[in-house]
Amino acid sequence: MELFKTTSAAGHEQVLFCHDQASGLKAIIAIHDSRLGAAMGATRLWPYESEAAALTDALRLSRGMTYKAACANIPMGGGKAVIIAKPEEKTCELLQAYGRFIERLNGRFITGQDINLTPQDVRQINRETQYVVGTQEKSGGPAPVTAIGVLLGMKAAAKYRFGSDSLKGLKVAVQGLGNVGQHLCEWLYKNDAKLFVSDINQAKVSKLARLYGATAVEPEEIYGLDVDIFAPCAMGAILNSQTIPMIKAGIIAGSANNQLEDEQLHGEMLTAKDILYCPDYVINSGGLINVYHELIGYNEKKAISHVHSIYDTLLELFNKANTTGMTTHEASKQLAEERIIKTQQAQMLVSA
């Protein structure tokens, strides 16, 4: 891998490789764009098959955070971090060592909770750095609010595709029952949707089937279900040349990051199949919005009101894609870049 070529291709400003021998920490912090403010992005702990795979994930996720912040009208930059480890290898010493690396950046990167990290883990990181959000003592983890945003995104998609934003009676297939996926299932149950659920952890599937009357589905069967909405809530790159031909849902709306394996090719494949795709960094921005409000002085009512803007942003994107012939992913990227430029110009006028 040509490191400088790889990192500069998507416009990254800085990539840091962090290693602490005593704790065994191996982490990568990717700062994509800080034009509008400090780079913000949660930290993911995952047993990547290679360091190159970890770097690729950090680069794609951090770029997505830039666009996520812009589409959510948050004056922050985009960043992301990954810790290369198995969940059982997570220790207080490792998390605190990671926190010291964050602290050395002096606020250039602000982080929080992602896959395989809990609010308690964030508290351990917080022992060594002030540049964290989502601790239990503040607004809590981002998962519940992310799920609310995804629900709102589904409602917007249903409104655009079916003429009503009611989810009552709609069949929804949820892939991945992590923190966000489980909260989303609860909301869908409360909105009278018919649930189909899948996860590699059978205990989670059984739990959701019992709680919400969901139909359990094998992981390899979730793509081909005859449902109205497919909700990817696990890992990324699951919309690809193998899975898209199987999808029967008219709407894709889920919380997973980097859902399109190839943004151009697979975005066009979804459009060709007349599948309405909710761009991931728009529909899953609820958690980011919530922790941003933590930074500026948390008020739950204001934070949730801001999260509701996801509904209107997606309707705007659907209409933009329809009138221009773009994919919804292209429309969301263009919207993000327009908002970054507009905010930059406003900042320049204020400082002039």
Side-chain angles (χ1 to χ4, degrees), residues 18 25 27-31 38-48 54 57-58 61-62 64-65 68-69 72 74 76 78-103 105 107 109-150 176-184 204 233-236 254-258 280-281 283-296 298 300 303-304 307:
C18 312
L25 172 73
I28 300 172
I29 301 170
I31 296 175
M40 180 181 281
T43 297
R44 170 175 296 185
L45 187 144
W46 192 257
Y48 292 95
D57 203 27
L61 290 167
S62 57
M65 290 303 299
K68 184 183 296 190
I74 291 174
M76 303 293 292
K80 197 75 176 183
V82 299
I83 296 173
I84 306 171
K86 298 176 182 178
E88 59 268 25
E89 295 171 340
K90 181 175 58 178
T91 64
C92 293
E93 291 76 17
L94 182 144
L95 294 170
Q96 289 173 23
Y98 173 64
R100 291 192 288 274
F101 280 103
I102 300 296
E103 183 66 20
L105 289 171
F109 176 63
I110 300 170
T111 196
Q113 172 196 350
D114 199 350
I115 294 174
N116 287 325
L117 290 185
T118 67
Q120 294 91 334
D121 295 331
V122 175
R123 182 191 295 172
Q124 291 297 325
I125 298 169
N126 193 199
R127 289 170 66 93
E128 299 292 339
T129 180
Q130 60 183 305
Y131 302 114
V132 294
V133 288
T135 61
Q136 288 181 313
E137 293 78 8
K138 298 178 183 178
S139 65
V145 187
T146 300
I148 292 173
V150 175
L177 303 176
N179 289 332
V180 177
Q182 291 190 46
H183 284 289
L184 177 61
K204 292 181 179 180
C233 297
M235 296 297 284
S255 66
N257 288 304
N258 298 329
D280 47 54
Y281 52 72
I283 193 172
N284 70 12
S285 62
L288 175 65
I289 292 170
N290 196 57
V291 295
Y292 167 70
H293 279 267
E294 180 182 309
L295 284 177
I296 62 175
Y298 193 70
E300 184 177 8
I304 297 301
V307 172

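None of the values given here were measured: they were computed from a predicted structure. Note: hydrogens, waters and symmetry copies are ignored here, and every other heavy atom, side chains too, is used.
Remark: Q120 CD to Q113 CD distance equals 8.5 Å, nearest 0.5 Å. Atom CD1 of I29 is separated from atom CD1 of I83 by 9.0 Å, given to the nearest 0.5 angstrom. To the nearest 0.5 Å, atom OG1 of residue T129 and atom OH of residue Y98 are 9.5 Å apart. For the atom pair CD1 of I102 and OH of Y131, the computed distance is 11.0 Å after rounding to the nearest 0.5 Å. Atoms CE and CG, on M65 and N257 in that order, are 8.0 Å from each other to the nearest 0.5 Å. Here M76 contributes atom CE and L295 contributes atom CG; the two are 5.5 Å apart, rounded to the nearest 0.5 Å.
Listed here is the closest heavy atom pair of A256 and N284: O-ND2, 3.6 Å. Of all heavy-atom pairs between N116 and L45, the closest is ND2-O, 2.8 Å. In this structure, A38 and I110 approach most closely via the heavy-atom pair CB-CD1, 4.1 Å. The shortest heavy-atom contact between G176 and C233 is O-CB, 3.6 Å. Nearest approach of V122 to G112, heavy atoms of both residues: CG2-C, 4.1 Å. Of all heavy-atom pairs between A39 and G79, the closest is CB-N, 3.9 Å.
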Side chain to side chain contact (heavy atoms under 4.5 Å, CB included) between L95 and L117, worked out | CA-CA 10 Å; L95 294 170; L117 290 185; 3.9 Å; yes
Candidate pair M40 and V291, rule side chain to side chain contact (heavy atoms under 4.5 Å, CB included), full reasoning = CA-CA 10 Å; M40 180 181 281; V291 295; 4.0 Å; yes
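Listed by chain and residue number, V180, H183, L184, W187 satisfy the side chain to side chain contact (heavy atoms under 4.5 Å, CB included) test with A147 (two or more places apart in sequence, or in another chain). Residues meeting the side chain to side chain contact (heavy atoms under 4.5 Å, CB included) test with A54, sequence neighbours left out: I28, Y48, V82, I84. K204 is linked by a salt bridge (charged side-chain N to carboxylate O under 4.0 Å, His left out) to nothing, counting only residues two or more places apart in sequence or in another chain. Partners of Y281 according to the ring pair (Phe, Tyr, Trp, His ring centres under 6.0 Å) rule, which considers only residues two or more places apart in sequence or in another chain, are Y67, H329. Among residues two or more places apart in sequence or in another chain, the salt bridge (charged side-chain N to carboxylate O under 4.0 Å, His left out) test is passed with D114 by R44, K80.
Put simply, the side chain of D280 never gets that close to the backbone of I283: no donor and acceptor are under 3.5 Å apart. Of the possible donor and acceptor atoms, none in the side chain of Q96 sits under 3.5 Å from a partner among the backbone N and O of Q124. At distances below 3.5 Å, at least one donor-acceptor pair connects side-chain atoms of T111 with backbone N or O atoms of G41. The backbone N or O of L288 sits nowhere less than 3.5 Å from a side-chain atom of S285 that would complete a donor-acceptor pair.
Here the side chains of L25 and F101 are in contact, with some heavy-atom distance below 4.5 Å. Inter-residue side-chain proximity for I289 and V145 is flagged as unmet; no heavy-atom pair is nearer than 4.5 Å.
Listed by first and then second residue, the salt bridge (Lys or Arg N to Asp or Glu O under 4.0 Å) pairs that reach into residues 87-102 are K90-D121, R100-E128, sequence neighbours excluded.
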